[in-house]
K.L.:
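Okay, handing you the structure first.
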Number of protein chains: 2
Amino acid sequence: MTTGLRERKKAATRQSLHDAAVLLAAEHGVESLTVEAIADAATVSRRTFSNYFASKEQALLHHDRARTIRLVELIRARPARESLMAAVIGAAEQHSTEFAADPEQEERYRTLRLHPALLPELVATYAAAERDLAVAAEERLPAGPDTPLRAQVLAATLLAAFRVVGQTALERRERDVVDLLRQALAITREGFC
Amino acid sequence: MTTGLRERKKAATRQSLHDAAVLLAAEHGVESLTVEAIADAATVSRRTFSNYFASKEQALLHHDRARTIRLVELIRARPARESLMAAVIGAAEQHSTEFAADPEQEERYRTLRLHPALLPELVATYAAAERDLAVAAEERLPAGPDTPLRAQVLAATLLAAFRVVGQTALERRERDVVDLLRQALAITREGFC
DNA sequence: TTCCCGTTGGGCAATCTTGCACAGTGGGAA
DNA sequence: TTCCCACTGTGCAAGATTGCCCAACGGGAA
């Protein structure tokens, strides 16, 4: 909120490129989408597009990447005394209040997210988040010889749960993600205990 | 129309600063207007404002300056065979089709334009246009010993007529400026012949 | 196959914007 | 009066955008 003008404008440009990409892809198909068209729609040069995203796939999936990065950020920022699960729940609560998006844009995004051409990028996004979350998780686990493994497994399973919750929420047009997440965590616990 | 992105964005920023200045001045008065407020409203830094305008007065009167500059430009661009008067009429015709503005903005501008604090700037604007027009007029007058004087007088009287026509059109919410201008020119002719 | 062309990613210089610093100004309170 | 403070204009460096460049890639026509 107290960020400078420069930072705010960068965020706005990135968002505007993402929005333009999603809109154009929904209108004319992911296949026929070009970087130039996205840049034009965002009133930005083709070169500037490259300064923000390495590919149109990244631009299209920026929403997912931003969300996951933010989630890990929020988990990290929870009080150190909280257990991993408590931190995750707490962060999810905060997380669900952010990212208020235009319903129509969300609708378009929903139909595009799982397009085959985007899956590699989507997988890479979650893989990166998984690595980051594993690091963060390690700090909230009791030290022990198998802590790294446990952190990785928990990061993977937590993100998997998150992925399903997010997908389900998207399909059900559900806003209250926290309840869904609690359910998912309970299910995981039951399944493994 | 075929201008580059950079140029278009500069024009947009200049226009946006002008619009913000007019809006804020109409809302809170010319006296309490600050450069910082204008820059903020245009989502631009205070330093950037200074890159476009030397003062808030210039920002407020940008519309007049742009219009007069454009008018002289159009007069210059008329075919060389046209007489001065024909060129002026032709240019005025083209001119009246440009500068389509938001009615509300025009309303605000109308109440501000003649504010005492802006008069020096307004006078300077017309003086500059007068010099430019005199140069342009000279090229359309038959050569003679008194051509420079005639060019200056005609430039001054033409712009005076224009000023009155513009003011009248603004007050009458009149779009068809050409007819008014023809009337004005006729009046001048009658008055001096 | 070979060639052509649209698309892409990125290097580079020119230009524009931002953020910061500093001096000058003018108005109002002490 | 003197001091204070908001506002302004401008120099400067860092960062961002643009425009132009070229090399690489892939799909389709000859």
Side-chain angles (χ1 to χ4, degrees), chain A residues 1-25 27-62 65-66 115-118 120-121 124-125, chain B residues 1-25 27-62 65 115-118 120-121 124:
Chain A
M1 195 57 93
T2 174
T3 68
L5 178 58
R6 180 169 265 155
E7 239 178 314
R8 273 182 287 143
K9 282 201 169 182
K10 282 211 78 170
T13 300
R14 182 170 271 110
Q15 186 66 38
S16 149
L17 281 168
H18 167 69
D19 289 347
V22 170
L23 182 60
L24 291 175
E27 273 181 354
H28 308 115
V30 174
E31 309 302 337
S32 60
L33 185 63
T34 73
V35 169
E36 186 168 12
I38 301 172
D40 283 355
T43 332
V44 140
S45 74
R46 187 171 69 86
R47 192 63 187 78
T48 296
F49 176 94
S50 291
N51 293 340
Y52 282 90
F53 298 109
S55 66
K56 38 178 187 279
E57 288 76 18
Q58 271 195 22
L60 282 168
L61 292 180
H62 165 65
R65 179 171 293 258
H115 189 287
L118 305 182
E121 188 61 36
T125 296
Chain B
M1 195 58 93
T2 174
T3 68
L5 177 59
R6 182 168 262 155
E7 240 178 313
R8 272 181 288 143
K9 282 202 170 182
K10 282 209 80 169
T13 301
R14 182 170 271 108
Q15 186 65 39
S16 149
L17 282 168
H18 167 69
D19 289 347
V22 171
L23 181 61
L24 291 175
E27 273 180 354
H28 308 115
V30 174
E31 309 303 336
S32 60
L33 185 63
T34 73
V35 169
E36 185 166 13
I38 300 173
D40 283 354
T43 332
V44 139
S45 73
R46 187 172 70 87
R47 190 63 185 78
T48 295
F49 175 94
S50 291
N51 294 341
Y52 283 90
F53 298 109
S55 66
K56 36 177 187 282
E57 287 77 17
Q58 271 194 22
L60 282 169
L61 292 180
H62 164 66
R65 179 169 293 258
H115 189 286
L118 305 182
E121 188 62 37

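Proteins come first, then strands; the chains are lettered A, B, ... in the order of their sequence lines, and each starts at number 1.
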K.L.:
Starting from P on D:dG19, measure out to CD on A:E36 and report it in whole angstrom.
P.N.:
12 Å
K.L.:
B:K9 side chain to B:G4 main-chain N or O, any donor-acceptor pair under 3.5 Å?
P.N.:
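Checking the backbone N and O of B:G4 against the side chain of B:K9, no donor-acceptor pair under 3.5 Å is found.
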K.L.:
Just checking B:T34: base, sugar-phosphate only, or nothing, at a heavy-atom cut-off of under 4.0 Å?
P.N.:
sugar-phosphate
K.L.:
Where each residue is assigned the nucleotide of DNA chain C containing its nearest heavy atom, which of A:L33 and A:K9 is assigned the position nearer the 5′ end?
P.N.:
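Its nearest nucleotide being more 5', the pick is A:L33.
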K.L.:
Could you give the CD-to-P distance, from B:E31 to C:dG27, as a whole number of Å?
P.N.:
12 Å
K.L.:
Examine C:dT17: is either OP1 or OP2 under 4.0 Å from a nitrogen or oxygen in the side chain of B:Y52? Give yes or no.
P.N.:
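True: B:Y52 side-chain N/O within range (under 4.0 Å) of C:dT17 OP1/OP2.
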K.L.:
Could you please name the option among C:dT18, D:dG19, D:dC21 that lies closest to any side-chain atom of B:R47?
P.N.:
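My answer, after comparing the listed nucleotides, is C:dT18.
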K.L.:
Do A:E57 and A:H62 pass the side-chain hydrogen bond (donor to acceptor under 3.5 Å, both in side chains) test, and can you show the C-alpha distance, the side-chain angles, and the key distance before you say yes or no?
P.N.:
CA-CA 8 Å; A:E57 288 76 18; A:H62 165 65; over 6 Å; no
K.L.:
Write down the distance between NE2 (B:H28) and P (D:dC7), rounded to a whole number of angstrom.
P.N.:
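Going from B:H28 (NE2) to D:dC7 (P), I get 14 Å.
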K.L.:
Look at the side chain of B:R6 and decide which nucleotide, out of C:dT15, C:dT7, D:dT10, has an atom nearest to it.
P.N.:
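For B:R6, the side-chain atoms sit closest to C:dT15.
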K.L.:
Heavy atoms only, 4.0 Å cut-off, all strands: where does B:F49 land among base, sugar-phosphate and nothing?
P.N.:
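Touches nothing.
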K.L.:
Whole angstrom is fine here: how far is it from CD in A:E57 over to P in C:dT7?
P.N.:
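Rounded to whole Å, this separation is 15 Å.
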K.L.:
Can you figure out which of C:dG10, C:dT17, D:dG19 approaches the side chain of A:S50 most closely?
P.N.:
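Nearest to the side-chain atoms of A:S50, counting from C-beta on, is C:dG10.
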K.L.:
Whole-Å distance between D:dA13 C1' and B:N51 CG?
P.N.:
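Value for this atom pair: 14 Å.
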K.L.:
Could you state the atom-to-atom distance from CZ of B:R46 to P of D:dG9 in whole Å?
P.N.:
9 Å
K.L.:
Tell me which of A:V35 and A:E7 sits closer to the 5' end of DNA chain C, going by the nucleotide each one is nearest to.
P.N.:
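The residue whose closest nucleotide sits nearer the 5' end is A:V35.
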K.L.:
How long is the line joining CZ of A:R14 and C1' of D:dA16, in whole Å?
P.N.:
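Going from A:R14 (CZ) to D:dA16 (C1'), I get 12 Å.
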K.L.:
Can you tell me if B:S45 and B:T48 form a side-chain donor-acceptor pair at under 3.5 Å?
P.N.:
yes
K.L.:
C:dC20 C1' sits how many Å from A:L5 CG, rounded?
P.N.:
14 Å
K.L.:
Please determine if a side-chain N or O atom of A:T48 lies less than 4.0 Å away from the OP1 or OP2 oxygen of D:dT18.
P.N.:
yes
K.L.:
Can you find a side-chain donor-acceptor pair between B:E31 and B:H115 that sits under 3.5 Å?
P.N.:
yes
K.L.:
Kindly confirm or rule out a cation-pi arrangement of B:K56 over B:F49, judged by NZ or CZ under 6.0 Å from the six-membered ring centre and within 45° of its axis?
P.N.:
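No, a cation-pi geometry is absent between B:K56 and B:F49.
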